[in-house]
Peer 1: 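One structure is given below, represented as C-alpha cells, and several questions about it will come after.
Just follow the structure's listing: the first ligand is 1, and inside any ligand the first atom is 1.
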Amino acid sequence: MKETMKNGINNGEKEIVAINNCCKSHEKCTFHHDLELDHRPPTREAMLPEMSRSYKLLLGSLGENPERQGLLKTPERAAKAMLFFTKGYDQSLEEVLNDAIFDEDHDEMVVVKDIEMFSMCEHHLVPFYGKVSIGYLPCGKILGLSKLARIVEIYSRRLQVQERLTKQIAVAVTKAVQPAGVAVVVEGVHMCMVMRGVQKINSKTVTSTMLGVFRDDPKTREEFLNLVHSK
Ligand SMILES: Nc1nc2c(ncn2[C@@H]2O[C@H](COP(=O)(O)OP(=O)(O)OP(=O)(O)O)[C@@H](O)[C@H]2O)c(=O)[nH]1
Ligand SMILES: [Zn+2]
C-alpha cells in the first residue's frame with residue numbers, strides 16, 4: 001500500500017518535471033501551447049447559457065413550470081444576477097488600484113468607516129451584508145480613498161465567509177501601501193441565520209483583523225475603535 005502510494009507520487013512528480021522541461025527547452029512547444037489553450041477557463045460571461053440552464057432545472061425541481069410566462073426569462077436574469085453577486089472574481093487588486101497610490105508624508109491614522117458591503121455566504125449561497133471600517137497608519141504612501149471601498153467590492157463580491165473577507169481586505173491594503181499597520185472591522189447580518197436555520201433576526205456578526213501597530217499597540221487600536229464607534 002505504502003509502496004503504491006510512493007509510486008503514485010513519483011509518477012506525478014515525473015509528469016510535472018516532463019512538462020516543465022518540455023516547455024523550457026522548446027521555444028514554442030505546440031503540444032503544451034495547444035493544451036493550455038484548450039484548458040483556458042472560459043470567461044464568466046461565456047458561462048451564462050450554462051448557468052441559465054442550471055437555473056431552469058432548479059425551477060423545475062421546485063415544482064414550477066419554467067415555461068410559464070413570468071418565469072420565461074428568469075433563468076437568464078438569475079444567472080446575470082449571480083454573475084453580478086460574484087463579480088469580484090473578475091477583478092484584481094492591481095487593476096482596481098489603478099496606480100492611485102501617492103507619496104505623502106502623512107503619519108496619522110486614516111479611517112474610512114461604514115462602507116456598505118454585500119456578499120454571498122459560501123455555505124448556503126444566500127446573502128450576508130453589513131458594513132466595513134478600514135483604518136491604516138501610512139508609512140510614506142497613501143491610497144486614493146475610493147480604493148478602500150473598491151477593495152471591499154473585490155473581496156465581498158465572491159462566495160465568502162466573513163472572517164476570510166475581513167482578512168483579505170486587510171492584506172490587500174497592506175499590499176497596496178505597505179503601511180505601519182491596518183485594522184479592519186466588519187459587521188455583518190447573515191441571511192442564512194435570519195430567513196432560515198436559527199432565524200435570529202437581530203444578531204450581528206463582528207469580525208476584525210489587526211495587523212502591524214494595530215495589533216502590537218493597544219493605544220493605536222483603541223484610537224481606531226473609538227473612531228469607528230463614534231457617531
Ligand atoms: N464562521 C462562519 N460561519 C458561517 C458564515 N456564514 C455562514 N456560516 C455558518 O456555516 C455553518 C454551516 O453549518 P452546517 O451545520 O454545515 O449547516 P446548516 O445545517 O445549514 O447549519 P444551520 O445554519 O445551523 O442550520 C452555520 O453555522 C452557519 O451559520 C461565516 O461567514 N463565517
Ligand atoms: Zn450561510
Peer 1: Minimum distance, heavy atoms only, to atom 10 (O) of ligand 1: which one of His123, Met120, Arg196 is it?
Peer 2: His123

Peer 1: Check whether any heavy atom of Arg164 sits under 4.0 Å from an atom of ligand 1.
Peer 2: no

Peer 1: Taking CZ in Arg44 as the centre, count heavy atoms belonging to other residues, nucleotides or ligands within less than 6.0 Å. Is the count above 12?
Peer 2: yes

Peer 1: Which protein heavy atom lies closest to atom 6 (N) of ligand 1, and at what distance to 0.1 Å?
Peer 2: His190 ND1, 3.4 Å

Peer 1: Check ligand 1 against Cys121 and write out every atom of the ligand that is under 4.0 Å from a heavy-atom position of the residue.
Peer 2: 6 (N), 7 (C)

Peer 1: Among Val96, Leu97, Ile169, Asp90, whose side-chain contact (heavy atoms from CB on, under 4.5 Å) with Ile154 holds?
Peer 2: Val96

Peer 1: Please find out if the Zn ion (ligand 2) and some N, O or S atom of Cys121 are separated by less than 2.8 Å.
Peer 2: yes

Peer 1: Identify whether the distance between the nearest side-chain nitrogen and carboxylate oxygen of Lys219 and Glu223 falls below 4.0 Å.
Peer 2: no

Peer 1: Taking the six-membered ring for Trp, are Phe214 and Phe224 parallel (under 30°), tilted (30 to 60°) or perpendicular (over 60°)?
Peer 2: perpendicular

Peer 1: Report the name of the N/O/S atom of His124 located nearest to the Zn ion (ligand 2).
Peer 2: ND1

Peer 1: How long is the gap from CG on Leu72 to CD on Gln69, to the nearest 0.5 Å?
Peer 2: 7.0 Å

Peer 1: Would you say that more than 12 heavy atoms from the other residues, nucleotides or ligands in this model lie under 6.0 Å from the CG of Asp105, or not?
Peer 2: no

Peer 1: How about atom 27 (O) of ligand 1: does it have a protein heavy atom within less than 4.0 Å?
Peer 2: no

Peer 1: Does the protein put a heavy atom less than 4.0 Å from atom 15 (O) of ligand 1?
Peer 2: no

Peer 1: If the cut-off is 4.0 Å to any non-hydrogen atom of Cys192, which atoms of ligand 1 fall inside it?
Peer 2: 7 (C)

Peer 1: Relative to atom 31 (O) of ligand 1, which among Gln162, Glu122, Gln160, Met193 owns the nearest non-hydrogen atom?
Peer 2: Gln162

Peer 1: I need the nearest protein heavy-atom contact for atom 32 (N) of ligand 1: residue, atom name and distance, please.
Peer 2: Glu163 OE1, 2.8 Å

Peer 1: Is the CD atom of Glu116 crowded by more than 12 outside heavy atoms at less than 6.0 Å?
Peer 2: no

Peer 1: Among all the protein's heavy atoms, is there at least one whose distance to atom 22 (P) of ligand 1 comes out below 4.0 Å?
Peer 2: yes

Peer 1: Is the number of heavy atoms from other residues, nucleotides or ligands within 6.0 Å of CD (Glu76) greater than 12?
Peer 2: no

Peer 1: So is His124 close enough to ligand 1, meaning a heavy atom under 4.0 angstrom away?
Peer 2: yes

Peer 1: Is there a donor-acceptor contact under 3.5 Å linking the side chains of Gln160 and Ser119?
Peer 2: no

